Each structure stands twice: as structure tokens, then as C-alpha cells.
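Keep in mind that what you see is a predicted model, and the values were worked out from it rather than measured.
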Amino acid sequence: MKYSKIYMLGALMLAILSGCEKTGEAYKEYLKTGEVYYPGRIDSLSLLTGNLRGRIRFRMTSDPKVTLLKAFVRNSLSAGMIQIDIPIRTDEYSSIKEVDLPGLQETTYSISIRSYSGSQDSSRPVSASQFIYGSNYNSALANRVFSAFRFSDGMDSVVFRPEVNLPQPGNFYPMQLTEIVYTNAGGGMDTVRITPYENRAALPGIQNPGIVKYRTAYMPVENCIDLFYTSFAEVQYSRP
């Protein structure tokens, strides 16, 4: 029994020594490669939609070692990828930065951005996606409906049919404004704009008779960087 205990104790010591040797070897390998450095990532990335274009918006990293960003852009209609290099100025760290993306298609785009240091170490990616709008969306927009011309309190005005189911002011609504263009008495062109919450637009100094043109502007989503306009409609103005 005594010899059995000694044997078991010896075996245990050998196992411990073997484990220490393996741990030491692994630690030596770690010291050879060194600690892995990941450059600071950007923050709050968003892809803002527009009319066949987009805009990248993000907060720059505060890591001063970052000297370059690389944006990898893909769309749902193609298997290819576009790489965009974004150089960084020394005064841009921790600030909001925007980069325009022109010449896009009407489809969904995804974007991933990595930060790179001077040694070409790469951060983990930060990603965002958004649908980009174009002619298909634009062709489905409806102009406001003309109702009548009015003359009251010494002022001519054009009246439109009231919009229904409007949200409370301050909340997003796709219809942004209606633009009215008319010829004034001096022969020049004047433009007035009204919101969806307004049904009447004053036309001071309008030429009589004359033609009034109007169109309506929309945004498909909040923070869209472009307005989408309907085609102009025309109505003949004449006051007896």
C-alpha cells in the first residue's frame, strides 16, 4: 500500500511538470507573436439614402494610430464589391465624418468599414445597409390636388385639397412641401412653398391672366439627403 501511494504521487508530479512545460512552451509562442493590436473602430455608422446616391455618416475613432479607412460597398444586384479608401486628417479624430457615394442604383446597398493603422493592422468591421431610391420611387408619387383660386382680403391665392391622416407636426411625413410657380405682374417668375398642413398659398402680384404651375416634393424616409419631385401640373389663372 505504501509503495502504491508513492507511485501515485510520483505520477502526479510528472503530470504537473509536463503540464507546466506545455504551458511554458505556449507562453513562449505568445511572446514571439506579441499582443494582437486592433485599431480603433468607427462608431454610429449609417448609410443615408438619396436619389441614386448615398452618404456615409459616422463618428471617427479617437485612436491616433488610425491613418486610413477602407469602405467595402456591395449592392443586391451584383456580386461585385467596390472598395473606397478614406484618408483621415489629424483634426478628424472623434468627429462626425461624411462621405458621399454618387452613381448608385435603385436597390439595397450594404457597407462595411475597417480602420487601418500605419502598420496596416485592421480593425473589426462596422456595417450598415440601406435601400437607395430612384426613378421607380419617383414615378409612383402623386401631386397635390388643385381645388380653386380664391381672391380675398385683396390677395389672390391658390387652394389645394386638404391632406388626410397627417401626423402631428414634428413627426415624419413623406410629403414635404408643394412648390407653386407663377408669373408676376412685372413678367418675372415667383415661387412660393407650402407644407402638407397648409391648403392655401398666397400669390402676391400675380399676372392676370396667367398660368400657375405646381409640383409636390417627397422624402421616402427620414434623413434622406434628396427631395423627390412630381412633374409640374399647370392650371390657368384668370380673375374677372
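D190 is linked by a salt bridge (Lys or Arg N to Asp or Glu O under 4.0 Å) to nothing, counting only residues two or more places apart in sequence or in another chain. Under the rule for a side chain to side chain contact (heavy atoms under 4.5 Å, CB included), the partners of F72 that lie at least two apart in sequence or sit in another chain are K70, R74, M81, Q83, R114, Y116. Residues satisfying the side chain to side chain donor-acceptor pair (under 3.5 Å) test with Q130, not counting sequence neighbours, are none. Looking at residues two or more places apart in sequence or on another chain, you find a salt bridge (Lys or Arg N to Asp or Glu O under 4.0 Å) between R89 and D91, E92. In this view, A202 and M155, P204 satisfy the side chain to side chain contact (heavy atoms under 4.5 Å, CB included) rule, not counting sequence neighbours.
Formation of a donor-acceptor pair under 3.5 Å by the S115 side chain with backbone atoms of L69 is not found in this model. Under a 3.5 Å cut-off, the side chain of E106 and the backbone N or O of G134 do form a donor-acceptor pair. A donor-acceptor pair under 3.5 Å is formed between the side chain of Q236 and the backbone N or O of G210. Between the side chain of N75 and the backbone N or O of L77, at least one donor-acceptor pair lies under 3.5 Å.
A salt bridge is defined here as a Lys NZ or Arg NE, NH1 or NH2 lying under 4.0 Å from an Asp or Glu carboxylate O, and R193 with E179 meets this definition.
Remark: of the listed residues F149, Y237, F151, F149 is the sole one forming a side chain to side chain contact (heavy atoms under 4.5 Å, CB included) with L203.
The salt bridge (charged side-chain N to carboxylate O under 4.0 Å, His left out) pairs that include a residue from residues 154-175 are R144-E163, D156-R239, where partners are two or more places apart or lie in different chains. Applying the ring pair (Phe, Tyr, Trp, His ring centres under 6.0 Å) definition to pairs two or more places apart or across chains, none involves residues 78-109. Sorted by first then second residue, the side chain to side chain donor-acceptor pair (under 3.5 Å) pairs that include residues 40-49, not counting sequence neighbours, number zero. For residues 130-142, no pair satisfies salt bridge (charged side-chain N to carboxylate O under 4.0 Å, His left out), with sequence neighbours left out. Note on residues 168-220: pairs passing ring pair (Phe, Tyr, Trp, His ring centres under 6.0 Å), not counting sequence neighbours, are F160-Y214.
The environment of I84 atom CD1 is dense: over 12 non-hydrogen atoms of other residues, nucleotides or ligands sit within 6.0 angstrom. Remark: N171 CG is packed, more than 12 non-hydrogen atoms of other residues, nucleotides or ligands lying under 6.0 Å away.
Alongside V159, the hydrophobic cluster contains no other residue (criterion: ILVMFWY side chains under 4.5 Å).
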Please output the side-chain donor-acceptor pairs of residues 223-231 that fall under 3.5 Å, not counting sequence neighbours, one pair per line with the distance.
residue: D226; atom: OD1; partner: R53; partner atom: NE; Å: 3.3
residue: D226; atom: OD1; partner: R53; partner atom: NH2; Å: 2.8
residue: D226; atom: OD2; partner: N51; partner atom: N; Å: 2.7
residue: D226; atom: OD2; partner: R53; partner atom: NE; Å: 2.9
residue: T230; atom: OG1; partner: T216; partner atom: N; Å: 3.1

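Of all heavy-atom pairs spanning I180 and A201, the tightest one is CD1-CB, 3.8 Å. Closest non-hydrogen pair, L47 versus L101, comes out as CD1-CD1, 3.9 Å. Contact detail for T191 and V181: the closest heavy-atom pair is OG1-CG2, 3.7 Å.
Here CD of E98 is found 4.0 Å from CZ of R57. Values are rounded to the nearest 0.5 Å.
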